[in-house]
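Here is the structure we will look at.
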Amino acid sequence: MSSLTQSVAWQSLTTLAQSIKGQHMRDWFAADPTRAEAFSLSACGLYLDYSKNLVNRQVMDALFSLADERQLAAKRDAMFAGEVINHTEGRAVLHTALRNFSGQARHVDGQDVMPQVLATQAKMKAFTQAIHNGEHKGYTGKVIRHVVSIGIGGSFLGPKIMSEALKPFWQDKVKVHFVANVDGSHIQDVLKGLDAQETLVVMSSKSFTTQETLQNTLTARDWFLHSGAKQTDIAKHFVAVSSNVKAATEFGIAEENIFPMWDWVGGRYSLWSAIGLPIALQLGFENYLELLQGAYEMDCHFQNAPPEKNLPVIMAMLGVWYVNFFGAQSHVLLPYYHYLRGFPAYVQQLDMESNGKSVTVDGEWVDYATGPVIWGSEGTNGQHSFHQLIHQGQVMIPADFMLPLNVPNQDNTHHAMLASNCFGQTQALMQGKTYEQVLSELRAKGLDEESAKVLARHKTMPGNKPSNTLLFQQLDARTLGALVALYEHKVFVQGVIWGVNSFDQWGVELGKVLGNQILDKLQDREASLGFDASTNQLIEKFRRAQNGH
Ligand code: F6P
């Protein structure tokens with residue numbers, strides 16, 4: 001058994017889970033009128049109601065004891081102090097330095113990184129302003145109206161989803177288009193209809209080795225040169241964000257057009273670096289700074305609030321409770337706000353790439369579940385499809401509901417309907433509807449006894465399904481920054497509990513290597529195949545199709 005599952009706190013949580021399993025949340029609400037208030041808190045513009053969870057004070061205390069046993073505070077401080085906590089890659093984890101408004105130094109290897117962080121932000125600001133005020137022109141003197149942002153994973157999801165979430169605050173100086181997939185349809189669709197003379201390409205790749213991003217940039221460059229531009233015009237239309245400045249210059253990006261980032265910023269934490277340039281271009285630099293400011297406020301909250309008042313710690317420990325003591329294998333995110341519809345996909349990378357691990361930092365195999373499957377989509381759409389399984393299925397799926405209390409320029413009726421659906425769902429999940437209630441309703445409707453008994457089973461709602469509800473006044477840049485940082489720290493806390501390295505991603509490497517080997521065989525159709533029979537067969541089929549058979 002691992003040290004985690006042997007720990008005192010783990011053992012007491014195991015016992016507590018047994019006793020909780022026989023109880024129902026609706027009885028707790030009936031018995032305690034203070035429950036909602038007792039299990040709610042606000043921080044950084046976010047209000048969390050976690051009263052509809054399978055917890056009581058004793059459980060929460062035991063969860064905090066577990067966090068304490070796992071030395072959460074010391075590990076959190078080590079991250080903020082720039083220690084090399086990503087030990088498999090020998091790197092510090094200091095994305096928090098990118099949104100550090102304290103005026104204090106942040107050190108990596110004994111060196112203060114703040115001067116380079118601030119210098120890069122100044123460069124981003126100047127560039128954004130030059131694009132917006134028309135000072136930076138294209139090669140024929142036209143102002144830039146379109147930006148094509150090329151990147152994938154963290155170099156795509158953050159910029160795209162945060163820009164989308166803040167649509168009501170866009171400055172319509174430029175329109176940013178995002179391309180990630182190496183599927184040529186994506187870039188073709190985006191470039192179609194754009195005028196190269198008024199288009200800027202931002203190539204975002206921390207490593208500058210990512211196949212999809214390199215290929216899409218080559219395609220964009222061909223498109224640009226075919227529009228009549230010369231090689232020397234590229235400098236006005238192509239910029240890159242990368243920690244690999246050497247590779248970017250070798251690729252042909254002028255050195256002054258490279259926005260640096262650093263290896264102490266993980267890909268899925270990079271929107272706070274110059275990878276966020278497309279956000280600044282879409283929203284204006286001031287709004288981008290607000291996003292950073294919101295995240296900084298959450299950093300301060302995470303560092304300073306005691307566990308029982310600490311949003312990321314509470315949400316993380318609730319997640320651990322369900323994954324490890326109730327067998328929950330997934331967690332659904334349900335933003336009731338159209339512009340936040342991409343958020344589940346953002347957290348998917350953040351959480352699953354961070355905590356989808358099987359080995360502890362000490363190199364031991366884990367004997368407990370780690371990161372859950374993260375999924376979800378915007379409310380109310382999901383209510384008309386997958387909510388059925390959350391309500392009546394056999395698996396437990398804890399849910400996070402999110403709702404802005406106000407939306408700019410929107411019809412009140414729509415927003416009231418949206419909110420009522422959100423609240424109604426959390427209520428239905430918690431309270432359910434008993435067999436007896438349903439049966440008496442069916443009898444009252446005059447259904448014969450036998451049919452009523454059968455139908456009542458189908459219509460019974462078990463309830464007792466956990467959910468969090470996150471409310472905010474409106475989703476402005478500052479609130480969004482806090483929301484993203486909340487989930488970042490939640491994932492960090494869970495990684496500490498499970499003892500995994502949340503900052504590497506070795507699991508994605510093998511597929512890349514094999515994909516490259518296969519690409520060689522697809523391009524050289526005569527080459528012999530030495531893979532397994534299934535893979536050989538798939539390659540043969542592809543080759544035949546390419547030959548027109
Ligand atoms: O393959 C996974 C990954 O490395 C992610 O962690 C990262 O966000 C993405 O690819 C893109 O990487 P890069 O910014 O280096 O192109």
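In each ligand, atom 1 is the first atom listed, and ligand 1 is the first ligand listed.
Less than 4.0 angstrom separates some heavy atom of V508 from each of these atoms of ligand 1: 1 (O), 2 (C). Taking a cut-off of under 4.0 Å to the non-hydrogen atoms of S207, the atoms of ligand 1 that pass are 13 (P), 15 (O), 16 (O). Close approach of ligand 1 to I152 is summarised as follows: ligand atoms under 4.0 Å from at least one heavy atom of the residue are 9 (C), 11 (C).
Between S204 and ligand 1, no N or O atom pair is found at a separation short of 3.5 Å. Backbone and side-chain nitrogen or oxygen atoms of F208 are examined, and none is located within less than 3.5 angstrom of a nitrogen or oxygen of ligand 1.
For the side-chain contact (heavy atoms from CB on, under 4.5 Å) criterion with P344, the lone passing option out of L333, D400, V332, I161 is L333. Exactly one of S149, S163, P159 qualifies for a side-chain contact (heavy atoms from CB on, under 4.5 Å) with V176. That residue is S149.
For the pair K230 and Y139, the cation does not sit on the ring face, since its NZ or CZ is not both under 6.0 Å from the ring centre and inside 45° of the axis.
From the protein, the heavy atom lying nearest to atom 6 (O) of ligand 1 is E353 OE1, 3.0 Å. Of all protein heavy atoms, the one lying nearest to atom 8 (O) of ligand 1 is G154 N, 2.7 Å.
For residues 483-507, the salt bridge (charged side-chain N to carboxylate O under 4.0 Å, His left out) pairs, not counting sequence neighbours, are R99-E488, K357-D504. Under the ring pair (Phe, Tyr, Trp, His ring centres under 6.0 Å) criterion, the residue pairs touching residues 158-185 are H146-H177, with sequence neighbours excluded.
Using a 4.0 Å cut-off between charged nitrogen and carboxylate oxygen, K192 and D189 count as a salt-bridge pair.
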> Can you list the steps and then say if H489 with R76 is a side chain to side chain contact (heavy atoms under 4.5 Å, CB included)?
Replying inline: CA-CA 9 Å; H489 295 318; R76 175 201 62 203; over 6 Å; no
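Among Q505, K206, K512, M261, the residue whose heavy atom lies nearest to atom 10 (O) of ligand 1 is K512. Taking all heavy atoms of T210, I275, N244 into account, the minimum distance to atom 16 (O) of ligand 1 is reached by T210.
Residue contact check for ligand 1: E212 places no non-hydrogen atom closer than 4.0 Å to it.
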